[in-house]
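Okay, so here's the structure we're looking at.
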There are 2 protein chains.
Amino acid sequence: MKIGELAQVAQCTVETIRYYEKEGLLPMPDRTVANYRNYGQSHVERLHFIRNCRALDMTHAEIRSLLGMMEGPARDCRAINQLLDEHIKHVDVRISELLQLQSQLVMLRELCQSERSIDACGILHGLAAMETAAKPPRPTHLG
Amino acid sequence: MKIGELAQVAQCTVETIRYYEKEGLLPMPDRTVANYRNYGQSHVERLHFIRNCRALDMTHAEIRSLLGMMEGPARDCRAINQLLDEHIKHVDVRISELLQLQSQLVMLRELCQSERSIDACGILHGLAAMETAAKPPRPTHLG
DNA sequence: TGCACACCCTGAAGCTACTATAGAGTCAAG
DNA sequence: CTTGACTCTATAGTAGCTTCAGGGTGTGCA
């Protein structure tokens with residue numbers, strides 16, 4: 001199948017597929033005489049796998065790891081379990097960060113319910129007065 | 001004050017400050033004869049404001065908006081309230097996305113509690129079998 | 001046959017918010 | 001007078017794509 005068809009099947013764009021190929025996540029397919037990429041069932045499955053991982057917000061590095069383990073010489077799947085556990089931890093961390101953020105934002109929002117003049121706006125005053133903690137380097141890759 | 005001192009006061013790096021200047025978030029300060037940036041109290045306050053906004057995960061565009069409103073001709077702060085409401089919405093959206101993600105990941109993780117062989121690993125099978133929905137374009141800027 | 005139009009190709013640049021690096025100048029202390 | 005901490009500019013790198021420029025290919029229709 002041609003790249004456009006694969007893109008449709010995998011619910012992603014043609015550009016994304018070419019990008020995955022460049023990144024080494026998706027193996028290079030055969031080419032037609034016109035130099036068009038020509039994909040088979042194995043590519044469909046691999047791309048599907050990758051898109052599922054991405055839907056779970058895994059990084060390319062994590063996906064590369066998983067793909068490597070699937071093809072590698074490992075006899076058991078301890079490393080896979082571990083990778084997933086760590087990814088779940090990242091997501092947990094990010095959720096608590098955002099919950100914290102949300103409560104700060106809501107508090108800030110409550111400082112100005114009316115349509116006051118700019119000078120009196122509690123939000124601006126709040127933003128000027130907040131005590132920012134220094135941002136520690138992120139322990140998660142989730143933005 | 002010199003850039004290093006400002007960085008310390010604002011809990012960010014020197015590079016970040018120079019970057020904000022290039023982005024137009026922080027006005028260009030005077031220079032000493034040695035061409036060193038020379039900041040005053042207004043810069044401290046402005047940078048503090050910016051860092052607070054960033055701590056709340058606002059984008060530079062959002063911050064630019066806020067700064068513009070503070071200096072602009074607007075008589076009331078409706079636009080500010082609105083900007084904050086939308087930002088809160090972004091955060092809400094991202095939190096529910098991540099909660100959804102988390103439950104999927106935990107379900108996936110439960111598919112393999114033991115140290116099986118790769119071929120039997122429930123996680124890999126789960127990742128291969130999931131039905132990915134097409135990712136809609138993100139309504140939020142939060143990763 | 002000619003042509004329009006949808007698809008494919010490559011390579012490079014753009015996005016966000018920084019971070020890091022190279023190579024050079026400045027300043028104060030010892 | 002040298003050492004070390006600071007400053008400067010300009011450039012490239014990060015993640016995961018998206019967009020663009022400038023072409024080639026293939027099919028249906030007049």
Side-chain angles (χ1 to χ4, degrees), chain A residues 1-26 28-39 43 47 50-65 87 90 94 132 134-138 140-143, chain B residues 1-26 28-39 43 47 50-65 67 87 90 94 132 134-143:
Chain A
M1 70 178 57
K2 284 190 285 177
I3 196 168
E5 197 183 339
L6 178 60
Q8 248 189 326
V9 169
Q11 305 269 49
C12 67
T13 70
V14 164
E15 289 78 20
T16 300
I17 294 174
R18 285 198 281 250
Y19 176 67
Y20 288 165
E21 178 181 317
K22 204 166 53 184
E23 287 290 284
L25 291 176
L26 197 60
M28 290 171 80
D30 297 342
R31 300 286 183 130
T32 67
V33 282
N35 198 32
Y36 287 10
R37 289 172 179 81
N38 190 14
Y39 295 100
H43 293 95
L47 181 53
I50 295 169
R51 293 305 290 172
N52 282 339
C53 291
R54 288 294 302 133
L56 297 171
D57 264 0
M58 292 184 198
T59 62
H60 285 188
E62 285 172 323
I63 299 170
R64 228 186 303 274
S65 274
H87 185 60
H90 293 169
R94 185 55 178 155
T132 333
K135 277 204 177 180
R138 305 294 310 292
T140 145
H141 61 80
L142 299 146
Chain B
M1 72 178 55
K2 283 191 286 178
I3 196 169
E5 196 183 339
L6 178 60
Q8 248 189 327
V9 169
Q11 304 270 48
C12 67
T13 70
V14 164
E15 289 78 20
T16 299
I17 294 174
R18 286 198 281 249
Y19 176 66
Y20 288 165
E21 177 180 317
K22 204 167 52 182
E23 286 288 285
L25 292 176
L26 198 59
M28 290 171 79
D30 296 342
R31 299 286 184 130
T32 68
V33 282
N35 197 32
Y36 286 11
R37 290 171 180 81
N38 189 13
Y39 295 99
H43 293 95
L47 180 54
I50 296 169
R51 293 305 290 172
N52 281 340
C53 291
R54 288 294 302 133
L56 297 171
D57 264 0
M58 293 184 198
T59 62
H60 285 189
E62 286 171 323
I63 298 170
R64 228 187 302 276
S65 276
L67 291 170
H87 185 59
H90 293 168
R94 184 56 176 153
T132 333
K135 276 206 178 180
R138 306 293 310 289
T140 146
H141 60 80
L142 299 145

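A note on names: the letters A, B, ... follow the listed sequences, proteins ahead of strands, and every chain is numbered from 1. Atom set for the values below is all heavy atoms of this structure, side chains included, hydrogens, waters and symmetry mates excluded.
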(Q) Both B/K2 and B/T59 contact DNA chain C. Which one's nearest nucleotide lies toward the 5' end? (A)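 Closest to the 5' end, via its nearest nucleotide, is B/T59.
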**Q.** Point-to-point distance, once rounded to the nearest 0.5 Å, from CD1 of B/I17 to NZ of B/K22
**A.**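 Output value for this atom pair is 14.0 Å.
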Report yes if a side-chain nitrogen or oxygen of [X] is closer than 4.0 Å to either non-bridging phosphate oxygen (OP1 or OP2) of [N]; otherwise report no.
{"X": "B/R31", "N": "D/dT7", "answer": "no"}
{"X": "B/R37", "N": "D/dT7", "answer": "no"}
{"X": "B/T16", "N": "C/dA17", "answer": "no"}
{"X": "B/Y20", "N": "C/dC18", "answer": "yes"}
{"X": "B/H141", "N": "C/dA17", "answer": "no"}
{"X": "B/R64", "N": "C/dT16", "answer": "no"}
{"X": "A/T13", "N": "D/dT18", "answer": "yes"}

From [atom1] of [X] over to [atom2] of [N], roughly how many Å is that when rounded to an integer?
{"X": "B/M58", "N": "C/dC18", "atom1": "CE", "atom2": "P", "answer": "13 Å"}
{"X": "A/Y19", "N": "C/dA12", "atom1": "OH", "atom2": "P", "answer": "16 Å"}
{"X": "A/L26", "N": "D/dG16", "atom1": "CG", "atom2": "P", "answer": "16 Å"}
{"X": "B/L142", "N": "D/dG16", "atom1": "CG", "atom2": "P", "answer": "17 Å"}
{"X": "B/L25", "N": "C/dA17", "atom1": "CG", "atom2": "C1'", "answer": "10 Å"}
{"X": "B/Q8", "N": "D/dA5", "atom1": "CD", "atom2": "C1'", "answer": "13 Å"}
{"X": "B/H60", "N": "C/dC15", "atom1": "NE2", "atom2": "C1'", "answer": "13 Å"}
{"X": "B/N35", "N": "C/dG25", "atom1": "CG", "atom2": "P", "answer": "13 Å"}

Q) Any idea how B/H60 and B/Y19 line up, ring-wise: parallel (<30°), tilted (30 to 60°), or perpendicular (>60°)? A)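 It falls in the tilted class, 30° to 60°.
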[Y] backbone acceptor or donor facing [X] side chain under 3.5 Å:
{"X": "A/N38", "Y": "A/T32", "value": "no"}
{"X": "A/R64", "Y": "A/E23", "value": "yes"}
{"X": "A/R54", "Y": "A/M58", "value": "yes"}

Q. Base, sugar-phosphate, or nothing: which does A/R18 touch, judged by heavy atoms less than 4.0 Å apart?
A.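 Base: the residue A/R18, judged by heavy atoms under 4.0 Å, touches a nucleobase.
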Q: With DNA chain D as reference, determine whether A/A34 or A/K22 sits nearer its 5' end, using the nearest nucleotide of each.
A: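 It is A/K22 whose nearest nucleotide is closer to the 5' end.
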Q: State whether the distance check finds a donor on one side and an acceptor on the other, under 3.5 Å, for side chain A/Y36 versus base D/dG24.
A: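 Between D/dG24 and A/Y36, which were checked side chain against base, a qualifying N/O pair under 3.5 Å is present.
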